[in-house]
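Working notes, structure below.
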Amino acid sequence: MEDCIFCKIAKGEIPSAKVFENDKLVAFNDINPKAKTHILIVPKKHIESVKHLEEADKELIGELFLVAKKIAEEKNLQGCKLVINVGREGGQIIDHLHLHLLSSDATGV
């Protein structure tokens, strides 16, 4: 999608406070955090939502959660919440699949 903000962030067209990046995913601090630590983990492949996942996306989705684990460990978070909103009725605002990693853990950076 040409006008997708997360696609533009993934391509480096819009600056972000990145905390992780590889060839499939990018993770960055949310600009409107709902917790002390609020990081968005976003596939570089444009997938509108969980409703649009295909069988071929299984490995990517697995990596999404493994990256969340890696970031939580690096930030020394003792606990966190992982959230995926699906559709407007489910609270999804940006039409690009993304995982919220949230923590109010005092040890998190």
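The salt bridge (charged side-chain N to carboxylate O under 4.0 Å, His left out) pairs that include a residue from residues 19-33 are Lys18-Glu21, Glu21-Lys44, Lys24-Glu59, Lys24-Glu63, where partners are two or more places apart or lie in different chains. Listed by first then second residue, pairs satisfying side chain to side chain donor-acceptor pair (under 3.5 Å) with a partner in residues 81-91 read Arg88-Asp95, not counting sequence neighbours.
Contacts of Ala27 classified as side-chain contact (heavy atoms from CB on, under 4.5 Å), with partners at least two apart in sequence or in another chain: Val19, Phe20, Ile39, Ile41, Ile71. A search for ring-ring contact (aromatic ring centres under 6.0 Å, His included) contacts involving His100 returns His38, His98, not counting sequence neighbours. Lys69 pairs by the side-chain contact (heavy atoms from CB on, under 4.5 Å) definition with Glu73, not counting sequence neighbours. Remark: Lys45 engages Asp57 in a side chain to side chain donor-acceptor pair (under 3.5 Å) (not counting sequence neighbours).
Taking both residues in full, the closest heavy atoms of Ala68 and Leu101 are given as O-CD1, 3.3 Å, listed atom of the first, atom of the second, then distance. Looking at every heavy atom in both residues, Leu97 comes nearest to Ser49 through CD1-C, 4.2 Å. Considering every non-hydrogen atom in both Cys80 and Leu77, the closest pair reads CB-CD1, 4.4 Å. Contact between Cys7 and His46 at its shortest, heavy atoms only, is SG-ND1, 3.3 Å. Residue Leu25 comes nearest to Pro43 through the heavy atom pair CD2-CA, 3.5 Å, listed as atom of the first residue, atom of the second, then distance.
Between Lys58 and Glu55, at least one side-chain nitrogen of the basic residue sits less than 4.0 Å from a carboxylate oxygen of the acidic one, meeting the salt-bridge criterion.
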Between Thr37 and Asn29, does the side-chain contact (heavy atoms from CB on, under 4.5 Å) criterion hold? Intermediate values first, please. CA-CA 8 Å; Thr37 299; Asn29 292 314; 5.8 Å; no
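Remark: side-chain polar atoms of Gln92 are paired, donor with acceptor, to backbone N or O of Ile94 under 3.5 angstrom. Looking only at distances, a side-chain donor or acceptor of Ser103 sits under 3.5 Å from a matching main-chain atom of Gly79. Looking only at distances, no side-chain donor or acceptor of Glu13 sits under 3.5 Å from a matching main-chain atom of Lys8.
The CD1 atom of Ile61 sits 4.5 Å away from the CG atom of Leu53 when rounded to the nearest 0.5 Å.
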